[in-house]
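Everything on this sheet refers to the single structure shown next.
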Amino acid sequence: LTFFISGIAGGWCGLMTSGPQTVLIGASGAVMGVLSALLIYVRSLPASPARRTITLNGLQMIIPSMIPVISGVSYGAHIGGLLAGLLCGGIICAIKRKPV
């Protein structure tokens, strides 16, 4: 669900930040959303070496993909997916904390 929501949000943001004749293809916004949701979720877990490793690996994938170096990449889609993933991760953590 996070992948789907992030893909929709990334596609929408990509279209809003691109020209009217731009064609977008790919799932990079959705992947950014899953990674950012993972980072939010991992922060809710107890401190451990595994949590630190997951956090560092996630950041090593997110940060380079946000640096505008390669032309033809929709950074609007990356940002939109990232923000949607942060929101999804926050919702997942809130649901997890809710007593049953």
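Just so you know, these numbers use all the heavy atoms, side chains as well, and skip hydrogens, waters and symmetry mates.
Here OG of S28 is found 11.0 Å from CG of L35. Values are rounded to the nearest 0.5 Å. Taking OH of Y41 as the reference point, atom OG of S36 lies at 15.5 Å (rounded to 0.5 Å). The CG atom of N57 sits 10.0 Å away from atom CG of L39, with the distance rounded to the nearest 0.5 Å. Rounded to the nearest 0.5 Å, atoms CD1 (I67) and CD1 (I62) are 12.5 Å apart. A distance of 13.0 Å separates CG of L24 from CH2 of W12, quoted to the nearest 0.5 Å. Atom CD1 of residue I91 and atom CG of residue L1 lie 9.0 Å apart, to the nearest 0.5 angstrom.
S18 places no side-chain N or O within 3.5 Å of a backbone atom of L15 that could act as its donor or acceptor partner. Using a distance-only test at 3.5 Å, with no hydrogens or angles considered, no donor-acceptor pair links the side chain of H78 to the main chain of M32. Remark: side-chain polar atoms of R51 are paired, donor with acceptor, to backbone N or O of L45 under 3.5 angstrom.
Cluster membership check: M61 shares its hydrophobic cluster with F3, using side-chain heavy-atom separations under 4.5 Å among Ile, Leu, Val, Met, Phe, Trp and Tyr. The hydrophobic clustering, which links ILVMFWY residues whose side-chain heavy atoms are closer than 4.5 Å, places L86 and I63 together. Hydrophobic clustering places L82 together with V31 (ILVMFWY residues linked when any side-chain heavy atoms are closer than 4.5 Å, directly or through intermediates).
Between K96 and S44 the shortest heavy-atom distance is NZ-OG, 3.6 Å. Here the closest heavy-atom approach between residue G80 and residue C13 is recorded as CA-SG, 3.5 Å. Contact detail for A9 and A84: the closest heavy-atom pair is CB-CB, 3.5 Å. Residues T2 and G33 come closest through the heavy atom pair CG2-O, 4.0 Å.
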| Should L83 and L87 be marked as a side-chain contact (heavy atoms from CB on, under 4.5 Å) after you check the CA-CA gap, both sets of side-chain angles, and the distance that decides it? | CA-CA 6 Å; L83 294 175; L87 180 64; over 6 Å; no

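I25 CD1: 12 or fewer foreign heavy atoms inside a 6.0 Å radius.
Counting heavy atoms from C-beta on, the side chains of I40 and C93 come closer than 4.5 Å.
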